Peer 1: 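Below you will find the structure I want to go over with you.
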Amino acid sequence: MNPEIFDKAQIILQNRRHNAVIENDRRIEEINRKLPQIREINNKIANAGKDLVKICMSGCNAVQKQQMIEKLKCDNLDAQAASRWHLVNNGYPADYLEIHYNCPKCHDTGYDDNAVMCECFNQLCGKLEADEMNKHSQLKLSSFDTFSLSYYKDENYFTMKRIFDYLKNYAVNFNLHSESILIFGNTGLGKTHLSLAVANKVLEKGYSVIYDSAINILHEIEKEHFSREHNSEITDLVMQTDLLILDDLGTEHTTPFYTSTIYNIINTRLNRDIPTIISTNLSYENIQQRYDERVVSRITTQYKSIRFCGTDIRWQKKNKQKNGV
């Protein structure tokens, strides 16, 4: 893992933990001000530690100490239950005074009780690495709000309206087990725009997304593979990111390395049940002619196929400008 990414992730987790504690202090102050009866109970709970020390330091024998500790424990549990009852009775959640960490497993430390790196830490590092890779993408994120259906006419309008609604719903409800999608159709129909609108919305939800043209991603993997270091950071990232968007598949050179890499990406991500969106100007027939049978089989049977239709939007815009419309 890139040391800079690791350090950045640790700082983010520290800030999350700090913010959770500050927010908890704010809620405690609020409740102490509004519900003095809970303040008294919480003061009793807070003093339990001091009481325990007094018991341990007392001159009582072991049996007496154990009895006193058990009574203190019961009193403390009763006080906690009373605090929760007062909270609920006054319209607050029962856990309102507990610290709400972003990750309940590791409490935003990045590690579990066995000092093993938490899943949330891995996911955060993956997102930061993906963001770093996207800085070099030749594609820029777009939005559903800037996509116009006015360029589609008659039956094409209703088809594209259904596609638009489907992809927007896909993005809004995205999860790690969302289906993979093949978007195909002639050039200039909005395939890249809507793919990047999906990426934008999914990123807003906090998932890691890699988006770039297929040829750029394949080129980066190739450089990594044949470098002196022969590491696999980019390859691993492409295989593991929550959502991978391969734009313009079919524009890359046909080489044994690219062919095997495309298969490896598609097959690995399907086996891991994590979604991929592929857009291409190729037809089904062109895909069958260009790619290995294993690639064709997986794309055509395990991806949801969406065919864009209409007239080249770029041509329409150019024609309107030419005619002064």
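The analysis underlying the following values was restricted to heavy atoms, covering all of them including side chains, and did not include hydrogens, waters or symmetry mates. The first residue in the sequence is number 1, and the count goes up from there. Since this is a predicted model, take the numbers as computed values, not measurements.
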Peer 1: Could you tell me if the side chain of S142 sits less than 4.5 Å from the side chain of F147, heavy atoms only?
Peer 2: no
Peer 1: Between CG of L194 and CD1 of I163, what distance do you get to the nearest 0.5 Å?
Peer 2: 8.5 Å
Peer 1: Give, for atom CG of L218 and atom NZ of K223, the distance between the pair rounded to the nearest 0.5 Å.
Peer 2: 13.0 Å
Peer 1: Carefully, step by step, assess T192 and D247 under the rule side-chain hydrogen bond (donor to acceptor under 3.5 Å, both in side chains).
Peer 2: CA-CA 7 Å; T192 298; D247 186 61; 2.8 Å; yes
Peer 1: If you define the side chain from C-beta out and look only at heavy atoms, does anything of L244 sit under 4.5 Å from I265?
Peer 2: yes
Peer 1: Supply the atom-to-atom distance D7 CG to L128 CG, rounded to the nearest 0.5 angstrom.
Peer 2: 11.0 Å
Peer 1: Please check this pair: side chain of Y207 against backbone of K127, looking for a donor-acceptor N/O pair closer than 3.5 Å.
Peer 2: no
Peer 1: Could you tell me whether the side chains of H225 and S232 share a donor-acceptor contact shorter than 3.5 Å?
Peer 2: no
Peer 1: Any donor-acceptor pair under 3.5 Å linking the side chain of D154 with the backbone of N156?
Peer 2: no
Peer 1: Do you see a donor-acceptor pair shorter than 3.5 Å between the side chains of E70 and Q66?
Peer 2: yes
Peer 1: Report yes or no: do N15 and N19 form a side-chain donor-acceptor pair below 3.5 Å?
Peer 2: no
Peer 1: Identify the two heavy atoms, one from V238 and one from R269, that lie closest to each other, and give their separation to 0.1 Å.
Peer 2: O-NH1, 3.0 Å
Peer 1: Cut-off 3.5 Å, side chains only: do S195 and S279 have a donor facing an acceptor?
Peer 2: no
Peer 1: For S227 and E224, work out which heavy atoms get closest and say how close.
Peer 2: OG-O, 2.8 Å
Peer 1: Just by distance, no angles: are the side chains of Q289 and Y284 close enough, under 3.5 Å, to form a donor-acceptor pair?
Peer 2: no
Peer 1: Once rounded to the nearest 0.5 Å, what's the spacing between atom CG of D312 and atom CG of L189?
Peer 2: 6.5 Å
Peer 1: Please give me the minimum heavy-atom distance between R17 and H107, naming the atom from each residue.
Peer 2: NH1-O, 2.5 Å
Peer 1: Would you sort out whether Q123 and E119 count as a side-chain hydrogen bond (donor to acceptor under 3.5 Å, both in side chains), showing the intermediate values?
Peer 2: CA-CA 6 Å; Q123 289 176 344; E119 182 182 353; 3.1 Å; yes
Peer 1: Counting distance only, does the side-chain N/O of N134 pair as donor-acceptor with the main-chain N or O of V209 below 3.5 Å?
Peer 2: yes
Peer 1: Any sub-3.5 Å donor-acceptor pair from E23's side-chain atoms to V21's backbone N or O?
Peer 2: no
Peer 1: Is it true that R27 and E30 have a side-chain N and a carboxylate O under 4.0 angstrom from each other?
Peer 2: no
Peer 1: Identify the heavy atoms of L139 and S213 that sit nearest to each other, and give their distance.
Peer 2: CD1-N, 3.8 Å
Peer 1: Drop me the distance from T259's OG1 to R290's CZ, to the nearest 0.5 angstrom.
Peer 2: 8.0 Å
Peer 1: If only atom types and distance count, is the side chain of N175 paired as donor or acceptor with the main-chain N or O of S178 below 3.5 Å?
Peer 2: yes
Peer 1: To the nearest 0.5 angstrom, please state how far the CG atom of D113 sits from the SG atom of C106.
Peer 2: 10.0 Å
Peer 1: Do we see a donor-acceptor contact under 3.5 Å between the side chains of T187 and R314?
Peer 2: yes
Peer 1: Got N264 and M239 here, is their nearest side-chain heavy-atom distance under 4.5 Å?
Peer 2: yes
Peer 1: Do K191 and N281 come close enough that some side-chain heavy atom pair is under 4.5 Å?
Peer 2: yes
Peer 1: Tell me if a side-chain donor or acceptor on N90 pairs with a main-chain N or O of H86 at a distance below 3.5 Å.
Peer 2: yes
Peer 1: Do I277 and L243 have side chains that get closer than 4.5 Å, going by heavy atoms?
Peer 2: yes
Peer 1: Between I266 and R298, which heavy-atom pair has the shortest distance, and what is it?
Peer 2: CG2-CB, 4.0 Å
Peer 1: Tell me whether Y303 shares a hydrophobic cluster with Y291, the cluster being built from Ile, Leu, Val, Met, Phe, Trp, Tyr side chains joined at under 4.5 Å.
Peer 2: yes
Peer 1: Taking C-beta and beyond as the side chain, do L182 and I287 meet within less than 4.5 Å on heavy atoms?
Peer 2: yes
Peer 1: Mind checking whether F164 and V172 sit in one hydrophobic cluster, side chains of I, L, V, M, F, W, Y counted as touching below 4.5 Å?
Peer 2: no
Peer 1: Measure from the side-chain N and O atoms of R294 to the backbone N and O of Y263, and report whether any donor-acceptor pair falls under 3.5 Å.
Peer 2: no
Peer 1: Do F184 and F308 land in one hydrophobic cluster if side-chain heavy atoms of ILVMFWY residues count as linked below 4.5 Å?
Peer 2: no
Peer 1: Is it possible for you to check whether K304 lies under 6.0 Å from the centre of the six-membered ring of Y166, through NZ or CZ, and within 45° of that ring's axis?
Peer 2: yes
Peer 1: Can you check whether I234's main-chain N or O pairs, donor with acceptor, with E220's side chain at less than 3.5 Å?
Peer 2: no
Peer 1: Is F6 linked to L13 within one hydrophobic cluster, defined over Ile, Leu, Val, Met, Phe, Trp and Tyr using a side-chain heavy-atom separation of less than 4.5 Å?
Peer 2: yes
Peer 1: Passes ring pair (Phe, Tyr, Trp, His ring centres under 6.0 Å), F257 versus F226? Steps please.
Peer 2: CA-CA 11 Å; F257 180 79; F226 292 106; 5.3 Å; yes
Peer 1: Could you tell me whether R26 and E29 have a side-chain N and a carboxylate O separated by less than 4.0 Å?
Peer 2: no
Peer 1: Please determine if E4 and K8 form a salt bridge, counting it only when a charged side-chain N lies under 4.0 Å from a carboxylate O.
Peer 2: no
Peer 1: Would you tell me whether Y170 and E179 have side-chain atoms, one donor and one acceptor, within less than 3.5 Å of each other?
Peer 2: no
Peer 1: Heavy atoms, side chains only, cut-off 4.5 Å: are V202 and Y211 in contact?
Peer 2: no
Peer 1: Would you say the side chain of F174 lies within less than 4.5 Å of the side chain of K205, judging by non-hydrogen atoms?
Peer 2: yes
Peer 1: Quick check: does any side chain N or O of S208 sit under 3.5 Å from a backbone N or O of D242, one acting as donor and the other as acceptor?
Peer 2: yes
Peer 1: Establish, from distance only, whether the side-chain atoms of S283 and N286 form a donor-acceptor pair under 3.5 Å.
Peer 2: yes
Peer 1: What is the minimum heavy-atom distance between H219 and Y258, and which atoms define it?
Peer 2: CA-OH, 3.7 Å
Peer 1: Do the side chain of T251 and the main chain of D248 share a donor and acceptor less than 3.5 angstrom apart?
Peer 2: yes
